[in-house]
Amino acid sequence: MPNMTLVTTFFLSGIPHPPGLDTTLFGIFLVIYVLTVLGNLLILTVIRVDPRLHTPMYYFLSNLSFIDLWFSTVTVPKMLMTLVSTGGGAISFHSCVAQLYSFHFLGSTECFLYTVMSYDRYLAISYPLRYSSMMRGSVCALLAAGTWLTGSLHSAVQTALTFRLPYCGPNQIQHYFCDAPPILKLACADTSVNEMVIFVNIGVVASGCFLLILLSYVSIVCSILRIRTSEGRHRAFQTCASHCIVVLCFFGPGLFIYLRPGSRDAVDGVVAVFYTVLTPLLNPVVYTLRNKEVKKALVKLKEGSAFSQGGLNNQG
């Protein structure tokens, strides 16, 4: 292949839509992105300043908010540029490598983190008396570090497999960010091995995590049904309901895209919006509106801010 000219720049086609909706979609996704950033920053701030939220559950939730903050940032700003600029879809080869690695790194880390969070809820509900000793600070830190390390290794494999191939022909990626399936379609070599490894790799990871989460919640439901009081059962179900909602919204679209035998660019682009754009916004909304402790902490933070502002005004 010495005479082949390798691609140095890719062009992202963006989200499939009628041309007249560029401005409308830009406004919608810009608002969603801003709300996502502010919502996750608010969750991080509240958990940090309120001592009552210094528990394993909220420790993992702060990790989730940090991931979602960057998970959205990896894809949405470039998508916005593609919508408003004729040359906004251009992305250099190395930037594409970085985006693909970051996307799979954060996505797989979030996948593992959801599994750890379900295990945490299982211990909290099934072994309430031993929970504090079983989920010590060192154990939580070790579990969180394990999710980040495993996510980085998983992403490194995906990125290396994708970009070890030569790209010398078309450079139009039929997607709004650099992802493995649409990029492999542009390779100047046989991609069957890559596609099989990606299918098995993502399939094993995503399906395995989803199965562990399902088993955790089956055990949780069995434990909840043994609670004598209806109020106790209601509180236990409410604690886990928010986790179940975001898990389904995250795993559903991902499994649909990566574990199908065929791939349709337009459908994949639309479905990917759910877990790259909407799920990072859904997490702070669900955990805030459905969680009494977080709402109390928000009120306390607001009152403390108002008190500080009043003190400054009095001094003035």
Side-chain angles (χ1 to χ4, degrees), residues 60-61 63-72 74-75 96-122 140 142-165 175 177-184 191-220 243-263 267-268 271-280 282-283:
F60 294 127
L61 179 56
N63 275 266
L64 181 63
S65 293
F66 183 79
I67 291 173
D68 282 334
L69 178 66
W70 289 106
F71 193 54
S72 181
V74 165
T75 58
C96 191
V97 174
Q99 187 182 49
L100 187 144
Y101 175 82
S102 301
F103 173 77
H104 281 278
F105 169 43
L106 295 169
S108 55
T109 302
E110 184 162 347
C111 176
F112 296 129
L113 185 61
Y114 280 133
T115 309
V116 170
M117 291 174 71
S118 68
Y119 175 68
D120 171 68
R121 291 300 84 208
Y122 163 72
C140 293
L142 184 62
L143 288 172
T147 62
W148 286 94
L149 178 60
T150 310
S152 65
L153 294 175
H154 179 263
S155 179
V157 171
Q158 298 289 0
T159 307
L161 285 174
T162 302
F163 289 102
R164 72 180 181 85
L165 299 174
H175 210 4
F177 66 93
C178 290
D179 197 9
I183 291 177
L184 288 177
T191 62
S192 57
V193 175
N194 292 67
E195 293 171 359
M196 180 58 67
V197 172
I198 289 175
F199 180 86
V200 173
N201 195 6
I202 294 181
V204 169
V205 171
S207 301
C209 289
F210 189 76
L211 179 61
L212 290 174
I213 292 172
L214 183 62
L215 291 175
S216 296
Y217 276 97
V218 169
S219 301
I220 288 172
H243 187 202
C244 290
I245 292 172
V246 293
V247 163
L248 290 175
C249 291
F250 180 81
F251 279 92
L255 292 173
F256 175 82
I257 289 175
Y258 293 105
L259 299 188
R260 285 185 304 156
S263 178
V267 176
D268 289 353
V271 173
V273 171
F274 282 92
Y275 71 95
T276 61
V277 180
L278 297 182
T279 301
L282 185 64
N283 282 335

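Sequential numbering from 1 along the given sequence is applied to the chain's residues.
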Worksheet item: If only atom types and distance count, is the side chain of S65 paired as donor or acceptor with the main-chain N or O of L61 below 3.5 Å?
Response: yes
Worksheet, complete the sentence: Tested for ring pair (Phe, Tyr, Trp, His ring centres under 6.0 Å) against Y114, the lone hit among Y275, Y217, F250 is F250
Worksheet item: Can you check whether I213's main-chain N or O pairs, donor with acceptor, with S118's side chain at less than 3.5 Å?
Response: no
Worksheet entry | Rounded distance [0.5 Å steps], CD1 in I67 versus OG in S72 | 13.5 Å
Discussion item. Would you say that E110 contacts N283 through its side chain, given a criterion of any heavy-atom pair below 4.5 Å between the two side chains?
Written reply: yes
Response to the item:
Heavy atoms of F112 and G151 approach each other most closely as CE1-N, 3.8 Å
Item to complete: Would you check if the side chain of S152 reaches a backbone N or O of L149 as a donor-acceptor pair within less than 3.5 Å?
Response: yes
Worksheet item: How far apart are the closest heavy atoms of A272 and F177, and which atoms are they?
Response: CB-CE2, 4.4 Å
Worksheet item: So, for L161 and L165, which heavy atoms are closest and what is the spacing to 0.1 Å?
Response: O-CG, 4.2 Å
Worksheet item: What's the spacing between F274 CZ and T279 OG1 if we round to 0.5 Å?
Response: 9.0 Å
Item to complete: Tell me, with the steps shown, if S102 and W70 meet side chain to side chain contact (heavy atoms under 4.5 Å, CB included).
Response: CA-CA 9 Å; S102 301; W70 289 106; over 6 Å; no
Worksheet item: Roughly how far apart are S108 OG and L113 CG, rounded to 0.5 Å?
Response: 11.0 Å
Worksheet item: How close do A144 and N63 get, heavy atom to heavy atom, and via which atoms?
Response: CB-OD1, 4.1 Å
Worksheet entry | Heavy-atom donor-acceptor pair, Q99 side chain to V74 backbone, under 3.5 Å | yes
Worksheet item: Among all residues two or more places apart in sequence or in another chain, which pass the side chain to side chain contact (heavy atoms under 4.5 Å, CB included) test with V116?
Response: F60, L143, T147
Worksheet item: Below 6.0 angstrom between ring centroids: does that apply to F105 and W148?
Response: yes
Practice prompt. Sequence neighbours left out, what passes disulfide (SG to SG under 2.5 Å) with C178? Give chain and number order.
Written response: C96
Response to the item:
Value for CE (M196) from CG (N194), rounded to nearest 0.5 Å, stands at 11.5 Å
Worksheet item: Just how far is it from atom OH of Y119 to atom CD1 of I220, taken to the nearest 0.5 Å?
Response: 11.5 Å
Discussion item. Whether the side chain of T162 engages the backbone of Q158 through a donor-acceptor N/O pair (distance < 3.5 Å, no angle test) should be reported.
Written reply: yes
Worksheet item: Are side-chain heavy atoms of I183 and F163 found at a separation under 4.5 Å?
Response: yes
Worksheet item: For the side-chain hydrogen bond (donor to acceptor under 3.5 Å, both in side chains) test, which of T109, D179, T159 pairs with H104?
Response: D179
Practice prompt. Report the distance from atom CG of L106 to atom OG of S155, rounding to the nearest 0.5 Å.
Written response: 8.0 Å
Fill in: Nearest heavy-atom neighbours spanning S219 and Y122
CB-CE1, 3.4 Å
Worksheet entry | Side-chain touch F210/C111, heavy atoms, less than 4.5 angstrom | no
